[in-house]
Amino acid sequence: PSLVYERVRRRLYMDAEEMWFFVSGQIKQLQKKAQTTAPHLMPLLNKILQEGVEHKRSLLKDVDRLSEVDGYADWRLKEAVELSDLVQRRLIHLQNPENCEKSKKLLCNLNKGCGYGCQLHHAVYCLLVAYGTQRTLILRSKGWRYNRAGWEQVFRPVSDTCTDFTGHVHNWPGHPDSEVILLGIVDSVSPRPPYLPLAVPKDLAERISRLHGDPSVWWVGQFLKYLLRPQPNTVNMLKDAASKFNFQRPIVGVHIRRTDKVGTEAAFHPVDEYMEHVEEYYKQLDLSKQVTTKRIYLASDDYKVFAEIKNKYPDYEILGDPQIAKTAAVSTRYSDGALNGLIQDLYFLSQSDYLVCTFSSQVCRVAYEIMQSLHPDASTRFRSLDDIYYYGGQGIHRKVAIMSHRPKSSDEMDLAVGDIVGVAGNHWDGYSKGRNLRTNQVALYPSFKVDDVVEAVDFPTYTQVPL
Ligand code: GDP
């Protein structure tokens, strides 16, 4: 398929979703007013919501059908495998140089002072910079807060042949002939490497854009795929868990982040808000196949949500382990004994067909990123209750206006075709907030009037690795 065709197909899906965000959002506002001032309108407004959502589901189903019947389904599967294989072979090449002693190295300490999701993102950032600078990554993990014996006990070492170094260690950015460069955390890195998300490598940008609706997430997902190659004991642990839980599809992964996050970095969301989106997923699915069991995989750092969902939603099969949630809550401060639970939760969340969570949590973003390496394009398989996807430390998230917009109130943006907007968030009501880089105005604009900008950046092209 042409790049244009794939883009139009994805836009159709997004257009349908955004239209319903807008219409349902407006009707809900109207309902609030009508309740007191015009109660006789309530039945009509309810009818619009109830029947309108059926129109939306039908639209989404047909757009999905399009990708099944357009004749490109096999191509997408094949291209996903080949592209991933290419990136993985490049990483293997980078990480296993012929002459380890002579090869240039990038040194990172895994133990960033934060949670597991945050630490995984730190490791991905290190590997991205290693790939960008063609330096073999040395990941130091002795004394790791999630496993004192180190990363290699649970995941395969980032290199099979080159795990140590001699020579002088320079701090980032060092210079091209520095033997070893120590890279600090992204929060204070200076100068900023050009390889940080949302960048994708120029030599693969077109292929990734054709395959995937959100190229930067796909790219990050490939780095996690490499990093998280499990050791045999980890494989066994996950196999045992899968049979204990009787993991089956369809299944929706639900991640509810509470405890220390709420009120500091994120707002509280009741379980019903998560479950509303799960319900919607199953109603949508029911149009294309018969759903006999509604199933969720539940992960949280608040064990109480297990009982609450069980009581309120007796028609659901709930997989997951409240015991893991109990250790998780404690582990945000002392992390011993929490690692297996975390590996399990992330694994099953990413294996789910759809994710409902808050993207303000790195746990859920990691699950979403891993999910991208398990499907040709899983970029729409989520519903975040708060943020849009982002990567901590990322550059500005640019969108380009493809339609103009005349503001109808002072909080709306003036938008001309071609304007670049730095997006801050989607309000999931038809509008997104951002800064127009032409006018510097920070305001709301209709989300459907912009397209993503693919940040294609010059990376080494690894010509030694066959395409
Ligand atoms: P964030 O704080 O949610 O952005 O993500 P981090 O991963 O940086 O830190 C949160 C930490 O809380 C995790 O690393 C876990 O230790 C714990 N945690 C949060 N949610 C879960 C969950 O669903 N399952 C498990 N096992 N642990 C969790």
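Note that the numbering runs from 1 along the sequence shown for the chain.
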When every non-hydrogen atom of Met14 is compared with those of Val450, the smallest separation belongs to CE-O, 4.2 Å

In this structure, CG of Asp387 is separated from SG of Cys364 (nearest 0.5 Å) by 11.0 Å

Any donor-acceptor pair under 3.5 Å linking the side-chain atoms of Asp177 with those of His175? yes

Notebook entry, point to check: Is there a donor-acceptor contact under 3.5 Å from the side chain of Ser300 to the main chain of His255?
Noted result: no

Smallest heavy-atom separation, Pro157 atom then Gln231 atom, equals CD-NE2, 3.8 Å

- Message: Could you check whether any side-chain heavy atom of Arg89 comes within less than 4.5 Å of a side-chain heavy atom of Tyr462, counting everything from C-beta outward?
- Response: no

Q.
Do the side chains of Lys449 and Asp419 get close enough for a salt bridge, i.e. N-O under 4.0 angstrom?
A. no

side-chain contact (heavy atoms from CB on, under 4.5 Å) between Ile309 and Ile256, worked out | CA-CA 11 Å; Ile309 295 183; Ile256 302 183; 4.1 Å; yes

_Lys/Arg N to Asp/Glu carboxylate O, Asp451 vs Arg7, below 4.0 Å_ = no

Are any of the side-chain heavy atoms of Trp219 and Pro201 separated by less than 4.5 Å? yes

Using a 4.5 Å cut-off on heavy atoms from C-beta on, say whether the side chain of Ile396 contacts that of Leu437. yes

Notebook entry, point to check: Donor-acceptor pair, Arg145 side chain versus Cys114 backbone, under 3.5 Å?
Noted result: yes

Distance col, row Asp85:CG vs Leu467:CG, nearest 0.5 angstrom, shows 11.0 Å

Rounded to the nearest 0.5 Å, the CD1 atom of Ile370 sits from the CG atom of Leu228 at a distance of 5.0 Å

Under a 3.5 Å distance rule, please check whether Thr133 uses its side chain to pair with a backbone N or O of Val129 as donor and acceptor.
yes

One thing to verify: whether Arg257 and Glu265 come together as a salt bridge, which I'm taking to mean a side-chain N less than 4.0 angstrom from a carboxylate O. no

Closest non-hydrogen atoms of Leu137 and Val158, given as atom of the first, atom of the second and distance, are O-CG2, 3.6 Å

message: Cation-pi check for Tyr226 against Arg229: NZ or CZ below 6.0 Å from the six-membered ring centre and within 45 degrees of the axis, yes or no?
response: yes

In short, ring-ring contact (aromatic ring centres under 6.0 Å, His included) pairs touching residues 257-277 with sequence neighbours left out are none

Audit row: Glu412, Tyr431, side-chain contact (heavy atoms from CB on, under 4.5 Å) steps and yes/no: CA-CA 9 Å; Glu412 281 184 34; Tyr431 291 94; 3.8 Å; yes

Quiz item: Should Leu127 and Leu227 count as side-chain neighbours, where that means a heavy-atom distance under 4.5 Å?
Solution: yes

Residue pair Ile181 / Pro173, side-chain heavy-atom distance below 4.5 Å:
no

Query raised in the report: Between Trp144 and Trp151, how do the two ring planes meet: parallel, tilted or perpendicular, split at 30° and 60°?
Result: tilted

Shortest non-hydrogen pair, Asp386 vs Ser360, comes out as OD2-OG, 2.6 Å

Exercise. Is Arg365 close enough and on-axis enough to Tyr390, meaning under 6.0 Å and within 45°, for cation-pi?
Worked result: yes

Looking only at the side chains, is there a donor atom on one of His122 and Asn111 sitting less than 3.5 Å from an acceptor on the other? no

Side chains of Tyr5 and Asp70: any donor to acceptor distance under 3.5 Å? yes

Q | Main-chain N/O of Glu369 paired with Ser373 side-chain donor or acceptor, under 3.5 Å | A | no

- Considering only heavy atoms from C-beta outward, does the side chain of Tyr125 approach that of Leu183 to under 4.5 Å? yes

Q) Do any N or O atoms from the side chain of Ser352 and from the backbone of Leu355 form a donor-acceptor pair under 3.5 angstrom? A) no

d(Gln222 CD, Gln88 CD) to nearest 0.5 Å is 5.0 Å

Would you check if the side chain of Lys105 reaches a backbone N or O of Ser103 as a donor-acceptor pair within less than 3.5 Å? yes

inquiry  = Under a 4.0 Å threshold between the charged nitrogen and the carboxylate oxygen, would Arg90 count as salt-bridged to Asp203?
reply    = yes

Side-chain ion pair, Glu308 and Lys304, N-O less than 4.0 Å = no

Do Gln134 side-chain atoms and Pro460 backbone N/O form a donor-acceptor pair below 3.5 Å? no

Minimal heavy-atom distance between Asp414 and Asn436, with the atoms involved, is O-ND2, 3.1 Å

**Tyr131 side chain near Tyr195 side chain, heavy-atom distance below 4.5 Å** = no

ask   = Any donor and acceptor pair, going by atom type alone, linking the side chain of Glu455 with main-chain N or O of Pro197 inside 3.5 Å?
value = no

For this session: Output, in order, the C-alpha distance, side-chain angles, deciding distance and verdict of side-chain contact (heavy atoms from CB on, under 4.5 Å) for Thr136 and Cys100.
Result: CA-CA 9 Å; Thr136 302; Cys100 174; over 6 Å; no

Rounding to 0.5 Å, atoms OH (Tyr146) and CG (Leu342) come to a distance of 5.5 Å

Give a yes or no answer on whether the side chain of Tyr116 reaches the backbone of Gln362 with a donor-acceptor pair at less than 3.5 Å.
-> no

Residues Ala456 and Lys202: closest non-hydrogen pair is O-CE, 3.8 Å

What's the verdict on salt bridge (Lys or Arg N to Asp or Glu O under 4.0 Å) for Asp301 and Lys261, showing C-alpha distance, side-chain angles and the deciding distance? CA-CA 10 Å; Asp301 54 341; Lys261 191 94 173 174; over 6 Å; no

Original post:
Should we say atom NZ of Lys433 is surrounded by more than 12 heavy atoms from elsewhere, each under 6.0 Å from it?
Top reply: no

d(Met371 CE, Leu346 CG) to nearest 0.5 Å is 12.0 Å

field: Aromatic centroids of Tyr297 and Phe245 separated by under 6.0 Å
entry: yes

- Query: Are any non-hydrogen side-chain atoms of Pro446 and Phe22 less than 4.5 angstrom apart?
  - Reply: no

Paired with Tyr368, the ring-ring contact (aromatic ring centres under 6.0 Å, His included) test is passed by just one of Trp218, Tyr354, Phe359, namely Phe359

State whether the number of non-hydrogen atoms from other residues, nucleotides or ligands found under 6.0 Å of Glu206 atom CD is greater than 12. no

### Query
With distance as the sole test, does Trp172 use its side chain to make a donor-acceptor pair with the main-chain N or O of Arg192 at under 3.5 Å?
no

Do Asn96 and Thr161 have side-chain N/O donor and acceptor atoms under 3.5 Å apart? yes

Less than 3.5 Å apart, any donor N or O on the side chain of Arg381 or Gln372 sitting next to an acceptor on the other? no

